[in-house]
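Take a look at the structure below.
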Amino acid sequence: SQFSLTKDEERSKPFVNGARILINGEIREWTGTCSNVTSPILNENGDRIVIGTIAMMAASDAVEASNAAKAAWNTGRGKWPQMSMKERIESIQNLVENLKAIRSEITKVLMWEICKNVADAGAEFDRTVLFIEATINAIREIDARDGGYKTVSGVQAKVRRAGIGAMLAMGPFNYPFNETYTTLIPALLMGNTVVMKIPTVGGLAHVLTMEAYAKCLPPGVMNFVSGQGRVTMGPVMKTGVDLFAFIGGSNSADTLLKEHPAPHRLKVWLSLEGKNLAIIAPDADVDVAVEQCVLGSLTYNGQRCTAIKMIFVHSDLAESFTTKFIAKVANLKAGLPWSDGVSITPLPEPTRPGYLQSLVEDAVSKGAKVMNSHLGGGRLDGNLFHPAVVAPVTQDMKLWHEEQFGPVVPIAYYSDRKEVEDYIQKMHYGQQAAVFSSDSVSIAHWVDLLSTAVGRININTQCGRSPDVFPFSGRRSSALGTLSVTEALTAFSVETVLACKATPVNGELIKQAEKSSNFLAPYV
């Protein structure tokens, strides 16, 4: 492959020793079975390169980690949940400083293990730090705004929020650091304890953080589980964790939820699959639509839950849109993550290239074409899949229904907008959509239709999650629950109301109690 390593590049590879586990505040050397972690980047012999190891924990080890989290919670009486919010904030700020000290190691591993380019790897770390800072600021702002006493119908009351218990956190491979931390950090700040499943692909970045957690948080507050999810996660759910934050596939989520002994007590937040569509109306600005759809469908190889994964183009614009889209895709540079200006990189999951090829073959067998095949579209170089623009895609093809999660862009043409409306009505998922139009009446029509079908409607703009202050939600089989900087804090906590009859005696008692109470102590 032209995208394999030279010997000099191979010598610069990282190696992360994952033969370690973090349970109950103690980093232990792992003496059991380990699995080699390989990069999707191939050496000169065409072999994947070993860049680390990961501990293959057994069910009993995972249960030990979960029990440590539950013991640290101790029905809400543990050291961490009983700390003041100010103390927890200081601990997390200390954690962030320790993570910043290993930023270069984390970003290098992100490049080698999941093939993020230099800019994207750095951005993932930096955005995570900004998210943590914004979350801490939001805690203080919410308390300053809503944290005072109110008297209603003779009752004086103050509302604050407290943690719920031990959380099982499962993050994805594609944004192993950022996406995981959008649930992990708010949960910790609110006083919960955590057992985190390290993803099988993309897990080495987490291994690098063990020392920071062991140093900055009390024992048992943060525990790591690695190995096969099929072996470890069911037993963790059976221990009766209190919260479940999951980013991944709906089938896995459904399977795990059935393992919990008391589902009515489990607080759940899920971010699942998506088949985000772009609608190109006949009055759309084609250049804007092309630019945004290329970014939306192929940034980080299209391996984002928020990526555009289906494009509906009005037949009046079919030729101009498709021609310009192909030309724009042809300008995307493919190569190794550290090369200048690279957009398309090797795919981390070993089975993904074959799956993408099968989707393309299915579509072609049913009448579609790889519109950019003459430019290398659909070609596989090692684990690097050159973007394939496939059209016209119809409802009898797998690409119409399935989330490809990779650099295959399906385009369907329509002449009557009812064709798109039918797709929206029947689609299994409901995360986002993007509407491209220059007509306000047309936009209004699509907004009304999509407002009860997806969580975010983007106008003349690609699908995306940021800024993190906006709610990140979904409908149907795309999500359960909403996250943003503020929503995350409420998702992983419950209101606790301090109330009394509004009398001078009670008022003075509460005022004096605040001087001794951690829960009532000032956040700043």
Side-chain angles (χ1 to χ4, degrees), residues 250 272-282 284 286 289-315 317-318 321-322 325-326 328-329 352 355-356 358-360 362-364 366-372 377-378 385 387-437 446 449-450 453-464 474-479:
S250 54
L272 307 169
E273 303 99 324
K275 187 74 172 176
N276 299 336
L277 68 155
I279 302 166
I280 317 301
V286 173
V290 166
E291 178 192 26
Q292 290 297 306
C293 286
V294 170
L295 286 171
S297 60
L298 292 172
T299 296
Y300 185 45
N301 302 318
Q303 296 204 298
R304 301 176 298 126
C305 65
T306 57
I308 292 173
K309 296 173 181 133
M310 185 73 183
I311 303 176
F312 282 91
V313 182
H314 192 274
S315 55
L317 302 179
F321 178 90
T322 306
F325 190 89
I326 290 169
K328 198 85 171 176
V329 170
R352 184 63 51 176
Y355 173 65
L356 296 177
S358 72
L359 292 178
V360 172
D362 172 77
V364 169
K366 295 170 181 173
K369 294 180 180 179
V370 179
M371 304 298 284
N372 62 336
F385 192 99
V389 181
V390 182
V393 171
T394 54
Q395 61 183 342
D396 59 331
M397 301 173 188
K398 291 180 180 179
L399 272 174
W400 182 272
H401 309 280
E402 296 184 22
E403 181 191 36
Q404 63 271 38
F405 213 74
V408 174
V409 185
I411 298 177
Y413 303 121
Y414 72 98
S415 54
D416 185 337
R417 69 184 184 189
K418 189 177 184 303
E419 299 168 55
V420 184
E421 292 169 1
D422 287 345
Y423 182 88
I424 294 168
Q425 184 177 10
K426 296 173 183 176
M427 69 182 182
H428 191 59
Y429 305 113
Q431 192 198 80
Q432 295 193 26
V435 177
F436 294 88
S437 174
W446 290 115
L449 185 73
L450 291 163
V454 299
R456 175 164 162 164
I457 307 163
N458 304 276
I459 305 300
N460 294 322
T461 307
Q462 64 164 311
C463 298
R475 295 173 179 270
R476 304 179 184 177
S477 289
S478 283

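Residues E273 and S250 bring a donor and an acceptor atom of their side chains to less than 3.5 Å of each other. Inspection of the K275 and Q404 side chains reveals an N or O donor paired with an N or O acceptor under 3.5 Å. Side chain to side chain, E402 and Y355 meet the donor-acceptor criterion of an N or O pair below 3.5 Å. Using modelled atom types, one finds a donor on one side chain and an acceptor on the other under 3.5 Å when comparing N458 with Q432.
Side-chain contact between L399 and V408: present, with at least one pair of heavy atoms (C-beta onward) separated by less than 4.5 Å. F321 is listed as a side-chain neighbour of V290, based on a closest heavy-atom distance under 4.5 Å. Using a 4.5 Å heavy-atom cutoff, the side chains of F325 and V294 are in contact. Residues I457 and I459 are in side-chain contact: their nearest non-hydrogen atoms beyond the backbone lie under 4.5 Å apart. For the pair K309 and F405, the minimum side-chain heavy-atom distance is below 4.5 Å. In this structure, C293 and I280 have side chains that are in contact, with non-hydrogen atoms separated by less than 4.5 Å.
Heavy atoms of other residues, nucleotides or ligands lying less than 6.0 angstrom from NZ of K366 number more than 12. With a 6.0 Å radius and a threshold of 12 heavy atoms from other residues, nucleotides or ligands, E419 has its CD atom above the threshold.
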### Task
Decide side-chain contact (heavy atoms from CB on, under 4.5 Å) for V370 and V360; before the verdict, give the C-alpha distance in whole Å, the side-chain angles of both, and the deciding distance to 0.1 Å.
CA-CA 8 Å; V370 179; V360 172; 3.5 Å; yes
### Query
Could you walk me through whether K418 and D422 pass the salt bridge (Lys or Arg N to Asp or Glu O under 4.0 Å) check?
CA-CA 6 Å; K418 189 177 184 303; D422 287 345; 3.3 Å; yes
### Full working for side-chain contact (heavy atoms from CB on, under 4.5 Å) between Y414 and I279
CA-CA 10 Å; Y414 72 98; I279 302 166; 4.0 Å; yes
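The nearest pair of heavy atoms linking R304 to C463 is NH1-O, 4.2 Å. Smallest separation of non-hydrogen atoms from I424 and A453: CG2-CB, 3.8 Å. Taking both residues in full, the closest heavy atoms of L317 and A281 are given as CD1-O, 3.2 Å, listed atom of the first, atom of the second, then distance. Closest non-hydrogen pair, A307 versus G302, comes out as CB-O, 3.7 Å. The two atoms that bring S478 and G274 nearest to each other are OG-CA, 3.9 Å, heavy atoms only. The minimum heavy-atom distance between M427 and L277, with the atom names listed, is SD-CD2, 3.9 Å.
Atoms CD and CG, from E421 and D416 in turn, are 7.5 Å apart once rounded to the nearest 0.5 Å. How far CE of M310 is from OH of Y429: 14.0 Å, rounded to the nearest 0.5 Å. Atom CD of residue Q303 and atom CG of residue L298 lie 11.0 Å apart, to the nearest 0.5 angstrom. Here CH2 of W400 is found 7.0 Å from OH of Y423. Values are rounded to the nearest 0.5 Å. We find the CD1-CG distance between I308 and L295 to be 9.0 Å, quoted to the nearest 0.5 Å. To the nearest 0.5 Å, atom OG1 of residue T306 and atom CD of residue Q462 are 7.5 Å apart.
R476 places no side-chain N or O within 3.5 Å of a backbone atom of V454 that could act as its donor or acceptor partner. A donor-acceptor pair is defined here as one N or O able to donate and one able to accept, closer than 3.5 Å; such a pair exists between the side chain of R456 and the backbone of G464. Judged by distance alone, the side chain of Y413 and the main-chain N or O of V393 form no donor-acceptor pair under 3.5 Å. Side chain of H428 to backbone of S477: no donor-acceptor contact under 3.5 angstrom is found. Not a single donor-acceptor pair under 3.5 Å links the side chain of N276 to the backbone N or O of A433.
Partner N372 forms a side-chain contact (heavy atoms from CB on, under 4.5 Å) with one of V390, T322, V409, V329 and no other, that one being V329.
Checked against ring-ring contact (aromatic ring centres under 6.0 Å, His included), W446 has no partners two or more places apart in sequence or in another chain.
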